[in-house]
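Structure, as structure tokens:
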Amino acid sequence: MAERTFYNEVLTDHNLHPDNKYHLKDPNLVKEGVNPSCGDDIVLQLNYKDGVIEDASFVGEGCAISQASADIMINLVLGKTKEEAMHLSDIFLRMIQGEASDDEIKELEEGAALQDISHMPARVKCAVLGWRTLNEMLKEASE
Ligand code: ZN
């Protein structure tokens, strides 16, 4: 019951008052992430310099889960190195598959509110959209 309330509060809060939903000024990395099965369509924007995510935002449309997950993700990875961000995204993706440990999930802070998605297969693609897109961006950035 407590988990359920936490989940709803976090999702509602990030949907009504997203911290990071706006156009970044002069992003140097931009990538669109699409989840056709739900209609989620987001664009991540990063200021990425010397291996560090100095600033990040997203724009786009989608369901509550995709939007809240992207907003929470950006809060977590702001100021982080590529390695730290990819470590967190690895934990998130494994949490959604029900494979992350409790200690790992704690590292996700508010992201932990989305762990119940692992029991909702239809929503998994919504929850991982932002993380998957960030992962792809950072991989490409190293080339
Ligand atoms: Zn969705």
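Residues: numbered from 1 along the sequence shown. Order of appearance sets the numbers: ligands from 1, and atoms from 1 within every ligand.
Atoms CD1 and CD, on I105 and Q115 in that order, are 4.5 Å from each other to the nearest 0.5 Å. Remark: L29 CG to L44 CG distance equals 10.0 Å, nearest 0.5 Å. Rounding to the nearest 0.5 angstrom, the gap separating the OG atom in S89 from the CE atom in M95 is 11.5 Å.
Checked against S66 for a side chain to side chain donor-acceptor pair (under 3.5 Å), the options D41, D71, D40 give a single hit: D40.
Annotation: side chain of L129 is not in contact with side chain of K125 (no heavy-atom distance under 4.5 Å).
The Zn ion (ligand 1) has C38 SG, D40 OD1, D40 OD2, C63 SG, C126 SG as its protein N, O or S neighbours under 2.8 Å.
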What pairs of donor and acceptor atoms, side-chain ones from residues 96-103 against any protein atom, are under 3.5 angstrom apart with sequence neighbours left out?
| residue | atom | partner | partner atom | Å |
| --- | --- | --- | --- | --- |
| S101 | OG | E104 | N | 3.2 |

